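Taking it in order: structure first as structure tokens, then the write-up.
Side-chain atoms are counted along with the backbone in the values below, which use heavy atoms only and exclude waters and symmetry mates. Reminder, nothing fancy here: chain letters follow the sequence lines and each chain counts from 1. Here the structure is a predicted model, which is why all the values come from computation and not from measurement.
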2 protein chains.
Amino acid sequence: MKDEKKRGRPRAFDAKAALGKARDVFWDRGFAAASLDNLSAATNLNRPSLYGAFGDKEDLYLDTLEGYRQDGMNTLAEALDPSLPLRDNIARVYAGALAIYLHGETAARGCLLIGTASVEAVQHERVREVLGRSLNDFDDEIEKRMRLGVERGELPESADPQMLARLASAVMHSLAVRARAGDSRETLEAIARSGVELICGSANNP
Amino acid sequence: MKDEKKRGRPRAFDAKAALGKARDVFWDRGFAAASLDNLSAATNLNRPSLYGAFGDKEDLYLDTLEGYRQDGMNTLAEALDPSLPLRDNIARVYAGALAIYLHGETAARGCLLIGTASVEAVQHERVREVLGRSLNDFDDEIEKRMRLGVERGELPESADPQMLARLASAVMHSLAVRARAGDSRETLEAIARSGVELICGSANNP
DNA sequence: AGAATTTAATGCGAAACGGTACAAAATATG
DNA sequence: CATATTTTGTACCGTTTCGCATTAAATTCT
């Protein structure tokens, strides 16, 4: 049902790949400082094609955010594989985040949402909505795992799954900011390790 | 030594007040989206005056960041008053942060540095430097208090002051991001309370 | 083959951008 | 009072910005 022959001239580009290139531009420069020329050059699409395929700059940006969000949720779900101990789950969440944030050892781009959507969130309601929803969904997914941890006895009955989840996310938010501030991989990994220890400190060791 | 009579026409504005107004513009819009017209309107200074007093837009932005940074360090020092218990200190750090981030209940601006400097940090080295230094100095100041806590027996000997400090900062970074994402005061205060509990959980109650 | 439809490429155009030249105004100095 | 010096306000310059109008190309439908 994807290759119904459409009636006009066929597209000469892969929209998904173009979206990925655009995402890199926004990731490096942010929304406001990314010009249509930058985006056009990176995607190899001239402006009318960009406009036709994705709408205006804000639409394109929101599309990249939504894609990033969904990728992130998938990565998170994998990291939280419930057949593993809670401690491993959280460690995997941070490792997955750092793999994205550090982007090939050198240039530290941090998190696309935290790093670039935060600025726009105050003035652009739609951006704020995506950012807020992303953070909340992330919290909720971790909270589910925390609840499971209480049920299983990995965490004490007295543990507050919602708050533990929000604090687990908080460590990740900090990693995102610090990556963009230029912190080294070693520093970030050390923070991640300590975060796991603090969050899962009350978790049973098998 | 401040009112040495200078030779030309005297300034008709207070540079410090103007810097405060400019800061508000950057806080709401970020660096890239803040136009000189915005800044000129907010400060009641025409562009040549702005330029003469502060340099170009990037210079002005860096000035506001540096001012914000120093204000933040002062607020932090007050919050960490060593005559108070550690737990109170950390709670005061978060309360002080939220007072700034929430800005009069309604509009949530978050942290100027985390919210607006993070985006520019990748491309602007001077911004990245200020951001990195700010985060590190903050960590270091909290770390000092943690060390004192260990000496005093507020924290166990096994505690790692550096890592505890970085995680205490992490909670604050998360508050900054979440404020900008639109989270309510109640949510943020709950996270702050849980953060205090988690960080200072091992601290003695007097 | 020809009409209809969709995409591609060129290029434009109005507005906004950052920054500055220039002259008038206001003060200190001699 | 004249001169030097600094700030102020107007107006402007060249560039870049985003978005679109227009025309050419590629494909399907009839």
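- A side-chain donor-acceptor contact under 3.5 Å links B:Asp81 and B:Ser83.
- For C:dT20, the OP1/OP2 oxygens have a side-chain nitrogen or oxygen of B:Tyr51 closer than 4.0 Å.
- Per the geometry, CZ belonging to A:Arg11 stands 8 Å off C1' belonging to C:dT7, to the nearest Å.
- Interface remark: the B:Arg9 side chain does form a donor-acceptor pair with the C:dA25 base, using a distance-only criterion of under 3.5 Å.
- Here A:Ala53 lies out of heavy-atom contact (under 4.0 Å) with every strand.
- Atom C1' of nucleotide C:dT10 and atom CG of A:Leu50 are separated by 15 Å, given to the nearest angstrom.
- The aromatic rings of B:Tyr61 and B:Phe31 sit tilted, their planes meeting at an angle between 30° and 60°.
- Electrostatic pairing of A:Arg166 and B:Asp183 does not count as a salt bridge here, judged by no charged N lying under 4.0 Å from a carboxylate O.
- In this structure, B:Phe54 atom CZ and C:dT20 atom P are separated by 16 Å, rounded to whole Å.
- Comparing B:Leu36 and A:Phe13, the nucleotide of DNA chain C nearest to each residue sits closer to the 5' end for A:Phe13.
- In this structure, B:Lys57 places its NZ atom 8 Å from P of C:dG19, rounding to the nearest Å.
- With rounding to the nearest 0.5 Å, the separation of OG in A:Ser169 from CZ in B:Arg178 is 5.5 Å.
- Rounded to an integer number of Å, the gap from CZ of B:Arg7 to C1' of C:dA25 is 16 Å.
- For B:Ser35 and C:dC17, the shortest distance from a side-chain N or O to OP1 or OP2 is below 4.0 Å.
- Protein atom CZ of B:Arg47 is 10 Å distant from nucleotide atom C1' of C:dA16, rounded to whole Å.
- Between A:Asn46 and C:dA9 there is a side-chain N or O to OP1 or OP2 distance below 4.0 Å.
- When only modelled atom types and interatomic distance are considered, A:Ser40 and A:Asp37 share no side-chain donor-acceptor pair under 3.5 Å.
- Regarding B:Leu39, its CG atom lies at a distance of 11 Å from the P atom of C:dC17, rounded to whole Å.
- Contact annotation for B:Ala34: backbone-only contact, meaning every heavy-atom pair under 4.0 Å involves sugar-phosphate atoms and none involves a base.
- Heavy-atom nearest nucleotides on DNA chain C were determined for B:Gly8 and for B:Gly55, and the one closer to the 5' end corresponds to B:Gly55.
- Among the heavy atoms of the strands lying under 4.0 Å from A:Pro10 are primed sugar atoms or P, OP1, OP2 only; no base atom is included.
- A close approach under 4.0 Å does not occur between any side-chain nitrogen or oxygen of A:Ser49 and OP1 or OP2 of C:dT7.
- To the nearest angstrom, C1' of C:dG18 lies 13 Å from CG of B:Asn38.
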